[in-house]
Visitor: 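Could you have a look at this structure, given as structure tokens, before my questions?
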Amino acid sequence: MDLKQYESRTSRPIQAKVPDFQRHERLKHVLFSQQFNTGLLNHLARVATNIRALAKSRDGHIWLSQLLPHKRAMLYFTQASTRTFLSFTAACQILGITCNEIRDPKVSSEYKGENPLDSVRMFSSYFDLIIMRSVIANFAECCAYLMNDLERSDQRSVPIISGGAGTDQHPTQALLDMYTILRTFEFTSPQDSSLRTRFAELQSRYPSLTKGPADKTYCFCGDIGRGRTVRSLSVLLSLYENVTMIFVAPDHDKLRLSGDLKQFLISRKVKVIETEDLREVIGEADCLYMTRIQHEHDKPEDKTFFDELDMSRYTLTPEMVGRMRDYTPIMHPFPRNEEIPFEIDKDPRAMYFRQARNGMWIRAALIAYLFDMDGRIMSKHAEMFSDYQSYNEGVLA
Ligand code: CP
């Protein structure tokens, strides 16, 4: 595979790349969190919430499934995935998009030596969207450049969505995390905040508590250095005012917050705190984001370090949950190992299963947006729910 041809483009700072992934002030490809601003995040969250409301009724479900029946998506996931793969599949199905998949390159012609860049170009001949996760660093980004080059020579070119790659970034995980945070801190949805009716009471207990993602302390715990989800979400959270981020990680070069991300966050006026023990900071978090230690990336020379590591510093216990704020959501991108014991699942603040389901709605919203269907969804939602809304306005007036 010759990815060197793209090196002059992949080696640029991310901000310099962002315009390459846009068309007419909308996203074409989705590769980095830096492609999103708060306006687009709020818009996608609104579209996602409209889709979930429409999908509840038979009529709304059928209407959604008739939006994009003329589109086909290829899910090219040659690195392991459960949630990203399945939620993208479900998102496509909601919108009526037909999906196909390759998960094991041994059952494709890559087994016969086909270059993965040729594979992706072939997919673009048959499909209208390619969603991918690869073990090859920067591969999704290179595929976006391949599509751009084809477009420039008037050949077929389709959007590329990264489903998370290596330790790079996981932009759609960050989207679903952000959607979960936006919903939770609205303090209005019965599914996302068991305390919705107690916001005034919460404010008297926590006087600085406000609605929305700004003015909050976000605590990330676990494998910070190798965690692409932490990297991508922290970039999105840095878009909001007065944000503090606490990073709790073992004192190891590969696990602690990387220097480049730390500098980026500080340049965005984020207050950054680093520590090695979750127990010391658990009461300060407005939002807790747990991650597992990604042992699949360990090197043999790290064995002694991990054998001697005190994991109780990075593991949530019911006693610690008892010291958390009443409203603090417990998030996790999953899969989990031992860092969140099963007994915590029943706590109303355990958000990780709802968070994963939010992934299906926000990914459906993103795909609808890429195919310019977001406006139609908003209009349909307004039309379907206007009677309900005017009834409520009448009753509440
Ligand atoms: N959170 C996440 O990306 O999960 P999968 O690896 O199962 O897709």
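Numbering starts at 1 and runs along the sequence shown. Heavy-atom basis, side chains included; hydrogens, waters and symmetry copies ignored. One-based numbering, in listed order, for ligands and for the atoms of each.
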Visitor: Provide, to 0.1 Å, the distance between atom 6 (O) of ligand 1 and the closest protein heavy atom, together with that atom's residue and name.
Guide: Arg133 NH1, 3.0 Å
Visitor: So, applying salt bridge (Lys or Arg N to Asp or Glu O under 4.0 Å) with Lys254, which one of Asp298, Asp223, Asp302 is it?
Guide: Asp302
Visitor: A cation-pi test, strictly: NZ or CZ of Arg26 under 6.0 Å from the centre of the six-membered ring of Tyr369 and no more than 45 degrees from its axis. Yes or no?
Guide: yes
Visitor: Would Arg103 pass as a cation-pi partner of Phe85, given that its NZ or CZ must be under 6.0 Å from the six-membered ring centre and within 45 degrees of the axis?
Guide: yes
Visitor: Using the rule side chain to side chain donor-acceptor pair (under 3.5 Å), only one of Thr217, Asp215, Thr210 pairs with Asn242; which is it?
Guide: Asp215
Visitor: Does any N/O atom on Phe85 come nearer than 3.5 Å to any N/O atom on ligand 1?
Guide: no
Visitor: Any salt bridge linking Asp260 with Arg231? Criterion: basic side-chain nitrogen under 4.0 Å from a carboxylate oxygen.
Guide: yes
Visitor: Can you report which non-hydrogen protein atom sits closest to atom 4 (O) of ligand 1, along with the distance?
Guide: Arg83 NE, 3.1 Å
Visitor: Which of the atoms of ligand 1 are close to Phe334, meaning less than 4.0 Å from one of its heavy atoms?
Guide: 1 (N), 2 (C), 4 (O)
Visitor: Check whether NZ of the Lys or CZ of the Arg Arg363 lies under 6.0 Å from the centre of the six-membered ring of Tyr179 and within 45 degrees of that ring's axis.
Guide: no
Visitor: Which option out of Thr291, Thr82, Asp177 puts a heavy atom nearest to atom 7 (O) of ligand 1?
Guide: Thr82
Visitor: Give yes if a backbone or side-chain nitrogen or oxygen of Pro333 is under 3.5 Å from a nitrogen or oxygen of ligand 1, and no if not.
Guide: yes
Visitor: Can you name the atoms of ligand 1, numbered from 1 with element, that are less than 4.0 Å from a heavy atom of Gln173?
Guide: 1 (N), 2 (C), 3 (O)
